[in-house]
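Just below is one structure, and these are the notes that go with it.
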Number of protein chains: 2
Amino acid sequence: MSASIKDVAREAGVSVATVSRVLGNGPVSDALRLRVNKAIEVTGYRPNLSARRLRSQHSQTIGLIVSDIRNTFFTSVSRAVEDAAYQAGLRVILCNTDENPDREAMYLRLMQEERVTGVIFAPTRETALRRDLDTLGFPVVLIDRAGPQSTVDAVVLDNAEAAAQLVDHLVQQGYRRIGGLFGNTSTTGRERHEGFVAAMQRHGLKGEARFIAPTAQAATEATEAWLADPDKPDALVASNGQLLLGALRAVRESGLALPDDLALCGFDNESWTEVAFPALTVIEQPVLEIGRSAMALLMDRLADASRTPRKVVYPGLLRERGSTAKK
Amino acid sequence: MSASIKDVAREAGVSVATVSRVLGNGPVSDALRLRVNKAIEVTGYRPNLSARRLRSQHSQTIGLIVSDIRNTFFTSVSRAVEDAAYQAGLRVILCNTDENPDREAMYLRLMQEERVTGVIFAPTRETALRRDLDTLGFPVVLIDRAGPQSTVDAVVLDNAEAAAQLVDHLVQQGYRRIGGLFGNTSTTGRERHEGFVAAMQRHGLKGEARFIAPTAQAATEATEAWLADPDKPDALVASNGQLLLGALRAVRESGLALPDDLALCGFDNESWTEVAFPALTVIEQPVLEIGRSAMALLMDRLADASRTPRKVVYPGLLRERGSTAKK
DNA sequence: GTTTGGATTGAAAACGATTACATTGGCTAT
DNA sequence: ATAGCCAATGTAATCGTTTTCAATCCAAAC
């Protein structure tokens, strides 16, 4: 059993209150402070965070709930969040839901039981549309995905506009029969789809869109099927990094050449998209900004709980590369 | 302030002990159980985990400390660990050290303060060589990296053998001037280097090895410099996914062709290595096995603290692809 | 010399749960 | 009818902290 504050107090010959004050920078004479610190050393004392949190009634912890830990978008965001949280003296609990609403509910419950200070959350569509995210007992900041009229703060990409950028670019490069692959679990997929459709209409084109599970495997299968189609598209848009990867795999397996047989582009500037051959045209998201911004929104909300919810929207940045070269 | 067990007890007209028993499946009559559950519903009660952990003296939590959350090796392992932990009723705290020994020390201290049940840990070389990992107050299982005579359980790849597989393969394909890029912060980098050197000697060749920071950026710079060398290698081995990515970027930028100008291979079967063109030859690690195995070692250790430390060693699997085609 | 007051220190009450122990009531065996 | 026992329930101690409040000390002010 590890040493408690009592053991330290006994060792130093002082009261537990004094030890606690030494730990928390309370008023203690230099002489006692010295004795207590020595006693801490001798006993190998480590504060018990459970006890501390119970008594002090704040956990100094925030939750970060993401939908796919293997997606570099989320690992990058989490890096930024963690750094910012650390600066503010907060610890981060990182949770991965695998796009599963049940797991989301479980983790939200866990956050309540941990009495977290706040949560940054990338929900599935199903959960993003819940209107009760402001009644969980802690503030929530949504990232990447948010309903149209969210009751909580959010930081997202301008998805429709970014999708339109891709379409405009493809059209400008001479492509006309453009298809889109969109994830079916997120608001993000929906919004990118809307931007896709709107942009196509603007150009007087009608493109086909397919909604699939947001995994590379699903994208590979969908793309394979699509490419077998007699009037297959001459360009494809994938609505996130995993789908882009899956689509590329299908293209490779089918033996088609990029971009001559098919142009390919999508979302998320993952580092491999740059070394693929040809390199892939993508929309880059300001991942670090998004993480920092989410943390800032959370801190603001903690300072003023009644503020009306804000939504921070970032533009996507088009990275033109070889996979969408002129036709 | 959220409801406590007292509020529930009052609402249900029973003692707190009864409520606690309902929560913990103690012996309670059906009538009371019903009333208590209704009271829980009414009050919106959520157990306070800090209080529970403090009183019950076990955290039901394990720590998972990895060196780079953006590395898919670790995200995959963490997936396996989390699943296994969840099965065992344990929660996982995921921590990212960025290969920084200070952050490692900080997180180990945090684990002590959280009174975790155990820790699964991918340490830097500096920390892996510490002989006191068995005195932290909780069992530690090392993954991916371990000192030669670790005092704690570990599960690792047979790094030397795997590196030798790559060398043998390259030699068999006709390459002779083989260079190696190795991470300088991990025991893994060292061991792979040893296997590399031994295999080269076995073939009567002497290859040059360079130790660098384990980031794609460092690999890009090192490779660029190396390729500018008059007697540059005709094949390169990269000791992990990040280095492989960085090396590939340098090759792309220099305009050289794979594998004619340079063969390239390395560790970690990340999904993009398969869609690169040409696809990259890699050593695949059994990531899920490694995670599961680490969890199993931890459970065994918890059951019997005095067991002598075990080291589980997995073989790497060579995936031959186009980037090392016959010369 | 007494009072005032500020600075340290200690004693004890929380925080919200679990759990050892005591109590109660109903049943069976004698 | 009484003892004995088991199951269900309640009372109160406890986990390791922080924090309130009271006590103590010593110097300065009167």
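Residue numbering restarts at 1 for every chain, and letters A, B, ... go by the order of the sequence lines.
- Nearer to the 5' terminus of DNA chain D, by closest-nucleotide assignment, is the contact made by A:Ser50 (compared with the other of A:His58 and A:Ser50).
- Counting heavy atoms from C-beta outward, A:Arg21 and A:Val36 have side chains that stay 4.5 Å or more apart.
- Side-chain N/O atoms of B:Tyr45 include one lying less than 4.0 angstrom from OP1 or OP2 on C:dA17.
- Taken over five-pair windows at either terminus, the axes of the helix from C:dG1-D:dC30 to C:dT30-D:dA1 are inclined to one another by 60° (rounded to 10 degrees).
- Here the side chains of A:Lys311 and A:Val156 are in contact, with some heavy-atom distance below 4.5 Å.
- Here the C1' atom of nucleotide C:dA17 and the CZ atom of A:Arg115 are 11 Å apart, to the nearest Å.
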(request) Evaluate the criterion side-chain contact (heavy atoms from CB on, under 4.5 Å) for residue pair A:Val81 and A:Ile62; output intermediate values, then yes/no. (result) CA-CA 10 Å; A:Val81 166; A:Ile62 67 169; 4.2 Å; yes
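- B:Gln112 places its CD atom 16 Å from the P atom of D:dG16, with the value rounded to the nearest Å.
- Annotation for B:Gln60: atom CD counts as buried by contact number, over 12 foreign heavy atoms lying within 6.0 Å.
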(message) Using a 4.0 Å heavy-atom cut-off to protein, can you give one letter per nucleotide of nucleotides 4-10 of chain D, 5' to 3': B if the base is in contact, S if only the sugar-phosphate is, - if neither?
(response) ----SBB
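- Side-chain contact between B:Val141 and B:Arg301 is absent, with no heavy atoms from C-beta onward closer than 4.5 Å.
- The phosphate of C:dG16 has OP1 or OP2 within less than 4.0 Å of a side-chain N or O from A:Gln57.
- Between the CG atom of A:Asn48 and the P atom of D:dT14 there is a distance of 18 Å, given to the nearest Å.
- Backbone-only engagement by A:Ser4 is indicated by non-hydrogen atom pairs under 4.0 Å involving sugar-phosphate atoms exclusively.
- When rounded to the nearest whole Å, the span between CG of B:Leu23 and C1' of C:dG16 equals 12 Å.
- With rounding to whole Å, B:Ile5 atom CD1 is found 12 Å from C:dT19 atom C1'.
- Close to D:dT14, at under 4.0 Å from its OP1 or OP2, lies no side-chain N or O of B:Arg55.
- Between the C1' atom of D:dG16 and the CZ atom of A:Arg53 lies a distance of 13 Å, rounded to the nearest Å.
- A close approach under 4.0 Å does not occur between any side-chain nitrogen or oxygen of A:Ser20 and OP1 or OP2 of D:dT17.
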(request) Apply side-chain contact (heavy atoms from CB on, under 4.5 Å) to the pair B:Ile290 and B:Gln285, showing each step before the final yes or no. (result) CA-CA 8 Å; B:Ile290 290 175; B:Gln285 300 197 50; 3.8 Å; yes
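- Between the B:Asp7 side chain and the B:Ser4 main chain, a donor and an acceptor come within less than 3.5 Å of each other.
- Residue A:Glu41 qualifies as open at atom CD: its count of foreign heavy atoms under 6.0 Å is 12 or below.
- When the C1' atom of D:dT17 is taken as reference, atom CD of B:Glu113 falls 13 Å away, rounded to whole Å.
- The two residues B:Leu142 and B:Ser150 come nearest to each other via the heavy atoms CD1-OG, 3.8 Å.
- A:Arg52 has its CZ atom 17 Å from the C1' atom of C:dA14, to the nearest Å.
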